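The structure displayed is predicted, hence computed values, not measured ones. The figures here come from the full heavy-atom set of this structure, side chains too, leaving out hydrogens, waters and symmetry mates. First listed ligand is number 1; within each ligand, the first listed atom is number 1.
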Amino acid sequence: MHCDLIIRDATILDGTGAARSRGDVGVTGDRIVGMGDLGAVTADRDVPAQGRAVAPGFIDAHTHDDRAVLCGPACMMCKMSQGVTTVVVGNCGISLSPVRMAGRPIPPLDLLGDESWWVFDSFAEYAERLRTDPAPVNTVALIGHMSLRVEAMGGDVGRAATDREAEHMRRRLAEALAQGASGFSTGLYYGPSAEAPTQEVIAVAEALRAQRGLYVTHMRDEGAGVLQSIEETLRIGRDAGAPVVISHHKCAMPENYGRSAETLPAIEAGARAQSVGFDMYPYAAASTVLIPGRIREDVATKVTWSVPHPEMSGRMLADVAAEWGLTLHQAAERLQPAGAIYFQMDEADVRRILAHPRSMVGSDGLPHDEFPHPRLWGTFPRVLGHYARDLSLFSLETAVHKMTGGTAEVFGLRDRGVIRVGAYADLVLFDPATVRDAADFDQPTRPSEGILETWVNGQSAYTQGGATAARAGRVVTRNQP
Ligand code: ZN
Ligand code: CU
């Protein structure tokens, strides 16, 4: 036997959560073809791991990389430098297809960019672009409720959809699923989508039933009403016959600190009757668009971008307001359109949620922000280094499982997220002793340390020096080979 590549003498973390083993991993073409002792096997390229860790490439369960995957390896450095080989796009109700925009999209759709990026009338056109001009990582796509609403309701989204409009959305979603999308996402927290009653969401989500597509949601309320929101989410999943994923699970705002002790049992109770998962990012601060009506005195807020005042990116809103002689609310209005980081979670909740056996890791990074939340560059190494190694919140095996095999199972990504013969060769080589996130709230774009190399579908995509020229990423569809 002869392989294209053999990673020799590695500590193998296979993604299933099973105990590590020591050995070699052989790759030919896009697949893993051998494991264990490959001493008698030759290869075009030998990589001596010297005991360092090899794991399945990390799956970023929650991203807003819809546009980043279209603009070449440099755009994906934030993820590849963390060992990520697959990203799930189209979260929080926001997807770049199937809708064209004539003018600047309403927030938070504008997280993905101005109208020049909104040119995909169908998911097929978006997927075709990814096939002719591939990304360096694999892409799993969800279709966003907000994007569907803008198209179906002619931009008049500050109300519930009519039955005809909901039926139009359902058909557009069914079409996109047939073209390779993997599910449906909502962002019921956000202004215009908050006007959508549960019944509207169920009517659209009905399209998921036939293909067992996923229902993924940034819930209506992650604060005082978080338990009711979990109930609403479970109901939508049941009524549409769809497995559900709760996005970036958290208990937001100081008066709700500690309530993950209630939400996690509620999720577990739901999981006894239906399929439920959740993702989270390992930080006690959130980030999205800057919403003036939701600014609070007791939640420190940092500006991440502003169209009229780009010079304020990276400044605390309180300092900007003081400088301008305005209230926080007035300053937030003057910065519009803009983005922000909100320091609105409790570290004890973050740890309890992350440690829960059902949690998956998703960065929720915002790749186009001028001064992004550090989760964009640091999420995965932070779980491996800070939470698993330094704080011993769980084992390295468990940490890897939350970013690979566990996620692949929930999303139905066949032959990915695990190291075994026959699986796709999405791999990461890292040093468990030194891996760490370097990005923080002051220097948010510092690349992580300790990630040595990643391979996507058998091709080297990232080495410590940077991205390679490879663009081996594919569009990956739930439950399809
Ligand atoms: Zn969200
Ligand atoms: Cu999000």
Between Q330 and T327, is there a donor-acceptor pair closer than 3.5 Å when you use the side chain of the first and the backbone of the second?
yes

What residues, two or more places apart in sequence or in another chain, satisfy ring-ring contact (aromatic ring centres under 6.0 Å, His included) together with F394?
none

Indicate if the distance from the Cu ion (ligand 2) to the nearest N, O or S atom of H218 falls below 2.8 Å.
no

Residue pairs, two or more places apart or on separate chains, that pass ring-ring contact (aromatic ring centres under 6.0 Å, His included) and touch residues 188-212:
Y189-H218, Y190-H218

Using the Cu ion (ligand 2) as the vertex, how large is the angle between NE2 of H64 and OD1 of D364, rounded to 10 degrees?
90°

Quick test of your reading of the model: are R375 and D437 salt-bridged, counting only N-O distances below 4.0 Å?
no

Which residue is it: R220, R259, E262, M253? I am looking for the one with a side chain to side chain contact (heavy atoms under 4.5 Å, CB included) to V226.
R259

Is E206 salt-bridged to R170, going by a charged N under 4.0 Å from an acidic O?
no

Kindly list each side-chain donor-acceptor pair under 3.5 angstrom involving residues 194-202, sequence neighbours excluded, with atom names and distances?
from, atom 1, to, atom 2, distance (Å)
T198, OG1, E232, OE2, 2.6
Q199, OE1, R235, NH2, 3.2
E200, OE1, R149, NH2, 3.0
E200, OE1, A161, N, 2.8
E200, OE2, H145, NE2, 2.9
E200, OE2, R149, NE, 2.8
E200, OE2, R149, NH2, 3.4

I'd like to know if the Cu ion (ligand 2) has an N/O/S atom from H248 within less than 2.8 Å of it, counting both backbone and side-chain atoms.
no

Protein-side N, O or S atoms sitting under 2.8 Å from the Zn ion (ligand 1) are C92 SG, H218 ND1, H248 NE2

